[in-house]
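Everything numeric here is computed off the predicted structure, so don't read it as measured data. We count ligands from 1, going down the list as the structure has it; atoms in each ligand are counted the same way.
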Amino acid sequence: MPSVYIKTYGCQMNERDSEAVAAQLLARGYVLAKSEQTADVILLNTCSVRDFAEQKAIGKMTNLAVETRRHRPHVVLGFMGCMAQSRGQGLIDQLPDVDLVLGTQKFHRTAEHLDDLLAGRKDKVVDVAEEAGSQGAIREHLLAGSGRKSVSAFVSIMQGCNQHCTFCIVPFTRGEERSRTIPDIVTECRELVAQGVREITLLGQIVTSFGKRDLPTVEGRSPFVQLLDAVHEIEGLQRLRFTSPHPKGYGDDLVEAYARLPKLVESAHIPVQSGSDRILKLMHRGYTRERFLEIIGKLRQVQPGMGLCTDIIVGFPGETEADFEETLSLVRAARFDQAYIFKYSPRKDTPAADLPDQVPQAVKEERNQRLLELINQMAAEQFGACVGQVEEILVEGPSKKNPVRLTGRTRSNKIVVFEGSDRHLGQVIKLRIVRAGSFTLYGDPAIINLD
Ligand code: 5AD
């Protein structure tokens, strides 16, 4: 039985793809290796969003090639995912030890290609062609046999993005928007809940555009909101989340869904990217600063405890000090719980890479630092405000830092660590928050109430 080790770079969509590939390989008789040192097959699932992510995976593969070719020449080495899609054969030209390059529409073919490579039927495989219907192929989960009860699961609802933000490589790595059907997604969610899953996160590159091409708006509800309604009905499901949305998808139907659907927890990751209208326009984001703040205001009106997280790019071409200050002031106004900051990285074939006035690296670093300080300060305020409050927590498992403690999340997506016991796993409990650390809350061990 060949053993496989998968290392994942990048976003939750990549994590989910790796999980589906692992489950597929297990079903085909492969086993999962504990480490890359003992694996017969090593796959790197890659990210292309910034050059740094690509260089990390290439560096890793270079090291793997040196190590394995010396002592274990039979090991199959593969790239899959976004960088595999965007670079294709070029990866083997650059690193001739690589045996497999598998694109983002071909995850379901992994076992077939590995069988061929391991049996010596093929020497190299590059498979990055488009495949109709591939958005419905990421459906296997690794719930059974993972050694612990899976409380939370991710479900891929669509692939690709047509927004064409000028900085973004995703339309080239994930292709055109293609959505699964609502019944297909609901079936998968229902099976997960039957296996003990309590929380589902719907995934896609631009989930708010779900079904736009295939389904009509019904009674003012977009196809995405129709999907939320359908998944919400599943009995036994306790929490529903989604990522990533686009701000333009926050019509009143979605805002109202937060008021209407109790399982749709009061949390949103809404990427703003910049606080300057001039830069938002150059990015082709399709909204203004004012509109973004209006959406947040509406969300907080229906759910005052709304937890908000965002992505921000610093140093986009042409970003002046004044533009950057607009971003700082937007962050202050929005009171995010958390934000991921990205230094702009020019990507091949994207319009922004050719814009004039590229920002020097030192300026990007400096803006990154200033923004980080502000985000940390905002987060400390937001997390600090939870101290003394009673929060509803879904208990996920042992805490990473201290496995004697348990960890879970509040409805607003804040991590809570507390002393509990195994019987709390998978339960929704109420705890009083006694302390706030950096991006973590600590709960009183006296559990107030089990659901
Ligand atoms: N440079 C820097 N950050 C980027 N992102 C996307 N493309 C780029 C790029 N070229 C960031 C955006 C997006 C997140 C996933 O990655 O903020 O929301």
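Contacts between I313 and ligand 1, counted as non-hydrogen atom pairs separated by less than 4.0 Å, involve the side chain only. Within the 4.0 Å heavy-atom criterion, the part of K343 lying near ligand 1 is the backbone and not the side chain.
Nearest protein heavy-atom neighbour of atom 15 (C) of ligand 1: D311 OD2, 3.7 Å. Here the protein heavy atom with the shortest distance to atom 1 (N) of ligand 1 is S345 N, 2.9 Å.
For ligand 1, the atoms sitting less than 4.0 Å from at least one non-hydrogen atom of Q273 are 12 (C), 13 (C), 17 (O), 18 (O), numbered in the order shown with element in parentheses. The R347 neighbourhood of ligand 1 comprises atoms 10 (N), with distances under 4.0 Å to a heavy atom of that residue. Atoms of ligand 1 lying under 4.0 Å from any heavy atom of V49, numbered from 1 in the order shown and given with element: 5 (N), 6 (C), 7 (N), 8 (C), 9 (C), 10 (N), 16 (O).
In the candidate list F167, F342, F52, F167 is nearest to atom 7 (N) of ligand 1, counting heavy atoms.
Heavy-atom contacts from other residues, nucleotides or ligands closer than 6.0 Å to CD of E130 number 12 or fewer.
In this structure, K7 fails the cation-pi test against Y5, since its NZ or CZ atom is not both closer than 6.0 Å to the six-membered ring centre and inside 45 degrees of the ring normal.
Under the 4.0 Å criterion applied to side-chain N and carboxylate O atoms, E19 and R16 are assigned as salt-bridge partners.
Between Y287 and F292, the angle of the ring planes lies from 30° to 60°, which puts this pair in the tilted group.
In this structure, F242 has its ring center under 6.0 Å from that of F224.
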